[in-house]
2 protein chains.
Amino acid sequence: MSHTLGVRQARKQQTRQALLDAALGLLEHQNLSSLGLREVTRAVGVSPTAFYRHFQDLSDLGVALVEESLGSLHSAIQAAMAEQRDPDRLIDRTVEIIAGHVLDHRPHIRFIARERHGGVRPVREAIATQLTHFADEVAAGLALQPVSDGWTDDDVRMLAELYVDHMVTTASQFLEATPEDEERITSTARRQLRVISLGRRHWLDS
Amino acid sequence: MSHTLGVRQARKQQTRQALLDAALGLLEHQNLSSLGLREVTRAVGVSPTAFYRHFQDLSDLGVALVEESLGSLHSAIQAAMAEQRDPDRLIDRTVEIIAGHVLDHRPHIRFIARERHGGVRPVREAIATQLTHFADEVAAGLALQPVSDGWTDDDVRMLAELYVDHMVTTASQFLEATPEDEERITSTARRQLRVISLGRRHWLDS
DNA sequence: AATTTCGGAGAACAGATGTTTACTGAATGA
DNA sequence: TCATTCAGTAAACATCTGTTCTCCGAAATT
């Protein structure tokens, strides 16, 4: 069955996670490129040298945070696309999922938005990779719907990217919104998705 | 006519501009929140204390960079929207303008993309303000077109935001693209705009 | 010609940074 | 039980940071 980790390995993963958590917290008001190694270890209550037992770098830690941040949303969206066939209800469902995910994992999403174009290349690249996979999956989901009959693969891909970019943009807007803004953002995002959906339906009219 | 500045004021604005230029250069591989004051003055060849004659803060300098970065694009887009009536040609024209602007002012655009969700609040807010003005102007431009007859102000605004977000996303993609990617990005952006344009035409069908 | 204004320099401040080196002590595995 | 592995420690390293204070000299003003 599940292999019980040795006491040592368990302790190690524990402080590794503590480092990740502390870093994520500190990154709420800061960029990764200005985050200090000592700052992180101090927040955990561990010596600066202990850091090197888990990560080479702060950018190494950043890459780990990318995985942690986008893994769950990844599967959530994919599940929604599989279960919900009707394209119109799918729109509402997608916006709901994004809104919910931002509320539940606000620091993670903020980290992604902040470092997507940030100053640390390896982290930027890790995020780009994840978003590309996202687009792949959305494209696969879209291709299954009858509305996509007659579309070229390239056009499906183009549409998927439009959806993903819109997701990211919407998530970013939720981040900096006050609670009373949220309703307006939700409404706008839904109508924007409807515009795209309409354009999709008439794509082959020409 | 134009008031010739005194020698002193001229020299002052000169080193002020040198500070802005140096900072912009350093921000190519870094975030504003990790940029050092001394680092900037060193690059200009001026003493650290001189900095305070021009800016209170590095975030103060950042806000100045926002104005410098978005001012010109601002007017360029507005001119394009005024001169070009045909919505379809307008799409191509818009993509051209963005692509050209990214090529001509790459460091400025990179700065905007990097600090839009960055760790320095005043800079984030300055960028948000500028983008809101952008959306205002695009909305005004869209409202003038016959396609917008029967639209509510709110829906026009919603559409304008969709266009602006798409502009920003496209610009960001150009930033990290290799030269051979550019063609693909241009093609995708154009088709995405066409999807939106189609959805716009059928918005009132329901 | 005499006085004021003011952009910039220089030195010094306390404090912070990443990284190295050598060491400890408990969990591991023979 | 004994030897080994290895997560975490402690101290010291050279170097960098933002900011204050005092001063200088040329431009501006009178």
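On a predicted model such as this, the values are computed, not experimentally measured, just so you know. Sequence lines set the chain letters: A, B, ... in the order given, protein chains first and strands last, and positions in each chain run from 1. Basis for what follows: all heavy atoms, side chains included, without hydrogens, waters or symmetry-related copies.
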Q: Restricting to side chain to side chain contact (heavy atoms under 4.5 Å, CB included), what partner residues turn up for B/Ala177, sequence neighbours left out?
A: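 If we apply the side chain to side chain contact (heavy atoms under 4.5 Å, CB included) test to B/Ala177, skipping adjacent residues, the hits are B/Asp181, B/Ile185.
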
Q: How about A/Arg8 and A/Gln13: does a side-chain donor come under 3.5 Å of a side-chain acceptor?
A: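 Absent: no donor and acceptor within the cut-off.
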
Q: Answer yes or no: is there a donor N or O on one side and an acceptor on the other, between the side chain of A/Asp60 and the main chain of A/Gln56, under 3.5 Å?
A: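 Answer holds: yes.
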
Q: Run the salt bridge (Lys or Arg N to Asp or Glu O under 4.0 Å) test against B/Arg124 and tell me which residues pass, sequence neighbours left out.
A: A/Glu176

Q: State whether A/Arg42 and A/Glu39 are salt-bridged, where the test is any N-O pair (Lys NZ or Arg NE/NH1/NH2 against Asp/Glu carboxylate O) under 4.0 Å.
A: no

Q: Can a donor-acceptor pair be found between the side chains of A/Glu182 and A/Gln173 at a distance below 3.5 Å?
A: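 Not at all, the side chains of A/Glu182 and A/Gln173 share no donor-acceptor pair under 3.5 Å.
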
Q: Taking C-beta and beyond as the side chain, do B/Arg114 and A/Glu115 meet within less than 4.5 Å on heavy atoms?
A: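 Result no, sub-4.5 Å side-chain heavy-atom pair not found.
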
Q: Between A/Ser187 (side chain) and A/Glu183 (backbone), is there a donor-acceptor pair under 3.5 Å?
A: no

Q: Among residues 29-51 of chain B, which residues get a heavy atom nearer than 4.0 Å to DNA chain D?
A: B/Gly36, B/Leu37, B/Arg38, B/Arg42, B/Thr49

Q: Any donor-acceptor pair under 3.5 Å linking the side-chain atoms of A/Thr15 with those of A/His54?
A: yes

Q: For A/Ser148 and A/Arg200, test the side chains for any donor-to-acceptor distance below 3.5 angstrom and give the result as yes or no.
A: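 Distance-only check passes for A/Ser148 and A/Arg200.
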
Q: Quick one about B/Ser34 and A/Ser33 (side-chain donor to acceptor, distance below 3.5 Å, no hydrogens or angles considered), yes or no?
A: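 Yes, a side-chain donor-acceptor pair sits under 3.5 Å.
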
Q: Is A/Arg184 salt-bridged to B/Glu161, cutoff N-O under 4.0 Å?
A: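 Answer for the salt bridge query: yes.
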
Q: Quiz question: going by heavy-atom distance under 3.5 Å, is there a donor-acceptor pair between the base of C/dG7 and the side chain of B/Arg8?
A: no

Q: Walking along DNA chain D from 5' to 3', note the first and the last nucleotide with an atom under 4.0 Å from a heavy atom of chain B, and give both.
A: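 Footprint of chain B along DNA chain D, 5' to 3': D/dT17 to D/dA28.
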
Q: Can you check the A/Tyr52 OH to C/dC23 C1' distance for me, whole Å?
A: 18 Å

Q: Between B/Gln192 and B/His166, does any side-chain donor sit less than 3.5 Å from a side-chain acceptor?
A: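 Result is yes, a qualifying pair exists.
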
Q: Stem ranges for DNA chain D, with three or more consecutive Watson-Crick or G-U pairs under 3.5 Å?
A: C:1-12 with D:19-30, C:14-17 with D:14-17, C:19-30 with D:1-12

Q: Taking only heavy atoms on the protein side, list every residue of residues 9-19 of chain B lying under 4.0 Å from any atom of DNA chain D, sorted numerically.
A: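 Contacting residues: none.
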
